[in-house]
Amino acid sequence: PQVPVISLNFSGLEKNPAFRLTVPMMIKLVYAVMYGDLLMLLYNQCRPYEINKGDTDKMLDKWQNRLAKLFEKNKFTNTTAHYRAILDDFASIERSDVKKPKVGIVGEIYVKYSPLANNDLNEFLISEGCEPNVPGLMDFVLYCAINVVNDASLYDKKTKLTLGYSIGYDVLYKFQKKQIKIIKEHGVFTPPHDFEHLRKCAD
């Protein structure tokens, strides 16, 4: 109990005595999630089809390093230009047009993304001739935000917190819509599904 636990959660599981999330940090976090989702999406659509082995990993390294520098200099907010540059670079990777089965990876949030927790499932699927399809982290964030709003509506317990989550959801959803629009306009890669579309499918 004397050891502080650093836990990124919004449900009060840990009070994080050793770690405070500031507003500038939260803004950076949202942008980081959007860039990370885009890199993961493009990586999984290029790596199984690359002609020259290692091209996709090199491109991923290049953009991880470049984005890290942009974040250090606080020059990460021009997403339109950065998204297009990332899309152009990944589109330049020589790829085969062989059709491969797409396999979705879903489940518990940590296990879904962590190679340590899922026995490097992404890499295994690629080695088996598949194209992994992993939903973005922003989908999970949107799900968590709208869940609070839905619960408040179902149980008729709306509070200021509910309003905060509702506004947060609307802002984050706009971030996702913008990214999807740019990927569609670029025309080379398959964009992620619109979260509101997925909600309607569930309904």
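Every value quoted in this text rests on a predicted model; they were computed, and no experiment measured them.
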What's the verdict on side-chain contact (heavy atoms from CB on, under 4.5 Å) for Phe76 and Leu67, showing C-alpha distance, side-chain angles and the deciding distance?
-> CA-CA 7 Å; Phe76 55 88; Leu67 286 167; 6.0 Å; no

For side-chain hydrogen bond (donor to acceptor under 3.5 Å, both in side chains), just list the numbers for Asn44 and Asn122, CA-CA rounded to whole Å, side-chain angles, deciding distance to a tenth of an Å, and then say yes or no.
-> CA-CA 9 Å; Asn44 283 334; Asn122 214 72; 2.8 Å; yes

Pair Glu123-Arg47, salt bridge (Lys or Arg N to Asp or Glu O under 4.0 Å): steps then yes or no | CA-CA 10 Å; Glu123 190 63 33; Arg47 174 74 197 289; 2.8 Å; yes

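With values rounded to the nearest 0.5 angstrom, Asp120 atom CG is found 9.0 Å from Ser114 atom OG. With rounding to the nearest 0.5 angstrom, the CG atom of Leu142 is 11.5 Å from the CZ atom of Phe175.
The aromatic rings of Tyr143 and Phe140 lie tilted to each other, with the angle between the two planes from 30° to 60°.
Using a 4.5 Å heavy-atom cutoff, the side chains of Val103 and Cys130 are in contact. Residues Val149 and Tyr169 form no side-chain contact, since every pair of their non-hydrogen atoms from C-beta on lies 4.5 Å or further apart.
Summarising the geometry of Ser92 relative to Met59, their closest heavy-atom pair is OG-CE, 4.0 Å, with the distance given to 0.1 Å. Taking all atoms of both residues into account, the shortest heavy-atom contact from Ile183 to Leu38 is CD1-CD1, 3.7 Å. The two atoms that bring Phe195 and Gln176 nearest to each other are N-OE1, 3.1 Å, heavy atoms only. Minimum interatomic distance between His82 and Lys75 (heavy atoms only, all atoms of both residues): NE2-O, 3.1 Å. Summarising the geometry of Arg95 relative to Phe90, their closest heavy-atom pair is NH1-O, 3.3 Å, with the distance given to 0.1 Å. Between Tyr113 and Ile109 the shortest heavy-atom distance is CD1-O, 3.3 Å.
Scanning for salt bridge (Lys or Arg N to Asp or Glu O under 4.0 Å) contacts around Glu196 gives Arg199, with sequence neighbours left out. For Tyr43, the ring pair (Phe, Tyr, Trp, His ring centres under 6.0 Å) test picks out no residue, with sequence neighbours left out.
Checked for salt-bridge contact, Asp89 and Lys62 meet the test: a charged N lies under 4.0 Å from a carboxylate O. Salt bridge status for Glu50 with Lys58: absent, with no side-chain N to carboxylate O gap under 4.0 Å. Residues Lys181 and Glu185 are paired through a salt bridge, judged by an N-O separation under 4.0 Å between the basic side chain and the carboxylate.
Remark: the backbone N or O of Pro191 is not paired with any side-chain donor or acceptor of Lys184 at under 3.5 angstrom.
A side-chain donor from one of Asp194 and Tyr173 sits under 3.5 Å from a side-chain acceptor of the other. A donor-acceptor contact under 3.5 angstrom links the side chains of His186 and Asp88, judged on distance only.
Tracing side-chain contacts under 4.5 Å through hydrophobic residues (I, L, V, M, F, W, Y), one never reaches Leu198 starting from Val33; they form parts of separate clusters.
A cation-pi arrangement is absent between Lys28 and Phe71 under the rule of less than 6.0 angstrom and at most 45 degrees off the ring axis.
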